[in-house]
Amino acid sequence: VTTTSSASAGSLTFTVENLASTRAVTFGSSADWVDSLTDPVITGATVTVVDTQGNAIVVTPSNQSLQAVIQAINEEPTTGVKATAVQAAPGKYTLQLTSLTPGDDGFFNVGLLADFDLGAANLTSVGENAKIKMGTFEIESATNTFTDVMPGVNIAVTKPTTDPVTVSMVGDKTGITDKVQALVDAANAALKEIKSATTNKAGTTVAGPLAGDPALRALGQQIISAVA
């Protein structure tokens with residue numbers, strides 16, 4: 001739980017229905033994996049992936065190798081997925097595609113993926129928003145952090161729960177008092193220094209190094225006004 005200056009005392013009770021996840025697919029099974037990153041993983045000259053809106057987009061690698069396919073996908077600015085080589089077993093490689101957008105907004109249709117010679121694209125992670133439930137309704141977040149569910153309070157969830165969780169905010173009266181006192185002490189110390197520096201010579205009193213300085217005296221008045 002983190003707070004901002006607008007946070008106030010209060011309590012919030014909820015259950016965590018699920019955490020946020022990012023949609024991802026991994027290709028093939030052991031029979032489909034290749035022996036190196038330079039082995040071919042497509043039969044044609046192009047592959048079809050998805051853009052940031054979930055629509056099909058054709059990418060043209062420099063060659064048919066797994067390495068070239070990954071590079072082409074990741075260097076194409078309009079794709080909505082990140083390509084990664086996965087060593088599924090010692091000396092055996094396949095491809096994983098992960099949405100660039102977490103949660104529900106990162107959904108893409110696995111059926112749009114085409115032209116890969118790596119077996120079926122198997123759903124590895126569904127990709128959904130995190131959800132917390134209060135009574136009959138749910139609140140969703142594309143990440144595991146819920147912002148301003150209570151004003152000024154951000155809640156990060158780490159696991160689903162079956163039992164209700166309660167987050168309480170209590171006013172820190174002692175902390176506020178200490179901060180005010182520290183401010184007053186700092187102001188008094190500054191005023192003491194200003195008085196010493198601007199004192200005029202009178203009798204045996206030695207003049208300060210900035211005796212009568214109007215700017216410094218004005219600063220003193222500003223400090224008094226600020227803490228009054």
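Residues take their numbers from the sequence shown, with the count starting at 1.
- Under the ring pair (Phe, Tyr, Trp, His ring centres under 6.0 Å) criterion, the residue pairs touching residues 20-64 are Phe27-Phe116, with sequence neighbours excluded.
- Closest heavy-atom contact between Ser141 and Ala20: O-CB, 4.2 Å.
- Taking Phe146 as the reference, nothing meets the ring-ring contact (aromatic ring centres under 6.0 Å, His included) condition, with sequence neighbours excluded.
- With a 4.5 Å cut-off on side-chain heavy atoms, Ile139 and Phe14 do not count as touching.
- Cluster annotation: Leu118 and Leu123 are assigned to the same hydrophobic cluster (Ile/Leu/Val/Met/Phe/Trp/Tyr, side-chain heavy-atom contacts under 4.5 Å, transitive).
- Inter-residue side-chain proximity for Leu19 and Val157 is flagged as met; some heavy-atom pair is nearer than 4.5 Å.
- Between the Thr22 side chain and the Ser99 main chain, no donor and acceptor come within less than 3.5 Å of each other.
- Residues that satisfy the side chain to side chain contact (heavy atoms under 4.5 Å, CB included) test with Thr145, not counting sequence neighbours, are Thr143, Thr147, Asn154, Ala156.
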Practice prompt. Under the side-chain contact (heavy atoms from CB on, under 4.5 Å) rule, what do Asn109 and Val50 come out as? Steps first, then yes or no, please.
Written response: CA-CA 8 Å; Asn109 186 348; Val50 290; over 6 Å; no
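- The shortest heavy-atom contact between Ala142 and Pro102 is O-CB, 3.7 Å.
- Under the side-chain hydrogen bond (donor to acceptor under 3.5 Å, both in side chains) criterion, Thr124 pairs with Thr26, sequence neighbours left out.
- A heavy-atom distance below 4.5 Å is not found between the side chains of Val49 and Glu76.
- Using a 4.5 Å heavy-atom cutoff, the side chains of Ile155 and Leu12 are in contact.
- In the hydrophobic clustering of ILVMFWY residues, with side-chain heavy atoms under 4.5 Å counting as a link, Val58 and Val81 come out apart.
- Under the side-chain hydrogen bond (donor to acceptor under 3.5 Å, both in side chains) criterion, Ser125 pairs with no residue, sequence neighbours left out.
- At least one side-chain heavy atom of Leu95 sits less than 4.5 Å from a side-chain heavy atom of Leu66.
- Nearest approach of Pro61 to Ala72, heavy atoms of both residues: CA-CB, 3.6 Å.
- Residue Ala56 comes nearest to Leu112 through the heavy atom pair N-CD1, 4.0 Å, listed as atom of the first residue, atom of the second, then distance.
- The side chain to side chain contact (heavy atoms under 4.5 Å, CB included) search around Lys133 returns Thr15, Glu17, Glu138, not counting sequence neighbours.
- Minimum heavy-atom separation, Ala130 to Asn144: CB-OD1, 3.6 Å.
- Sorted by first and then second residue, the salt bridge (charged side-chain N to carboxylate O under 4.0 Å, His left out) pairs involving residues 95-104 (not counting sequence neighbours) form an empty list.
- Ala83 approaches Ile70 most closely through the heavy-atom pair O-CG2, 3.6 Å.
- Note on residues 38-49: pairs passing side chain to side chain donor-acceptor pair (under 3.5 Å), not counting sequence neighbours, are Ser36-Thr38, Ser36-Asp39, Thr48-Asp115.
- Between Ile73 and Leu97 there is a side-chain heavy-atom pair separated by less than 4.5 Å.
- Tracing side-chain contacts under 4.5 Å through hydrophobic residues (I, L, V, M, F, W, Y), one reaches Val126 starting from Leu113; they form part of the same cluster.
- Not a single ring-ring contact (aromatic ring centres under 6.0 Å, His included) links Phe108 to another residue, sequence neighbours left out.
- Across Ile42, Val69, Val41, a single residue satisfies side-chain contact (heavy atoms from CB on, under 4.5 Å) together with Gln64, and that is Ile42.
- Taking the side-chain hydrogen bond (donor to acceptor under 3.5 Å, both in side chains) definition, one finds that Ser65 meets it with Asn63, sequence neighbours left out.
- Using a 4.5 Å heavy-atom threshold, the side chains of Asn74 and Lys82 count as touching.
- Lys131 contributes atom NZ, which lies 4.5 Å from atom CG of Asn18 (distance to the nearest 0.5 angstrom).
- Side-chain contact between Asp32 and Thr94: absent, with no pair of heavy atoms (C-beta onward) separated by less than 4.5 Å.
- Judged as a salt bridge (charged side-chain N to carboxylate O under 4.0 Å, His left out), and not counting sequence neighbours, the contacts of Asp35 are Lys92.
- Residues satisfying the side-chain hydrogen bond (donor to acceptor under 3.5 Å, both in side chains) criterion with Asp105, sequence neighbours excluded, are absent altogether.
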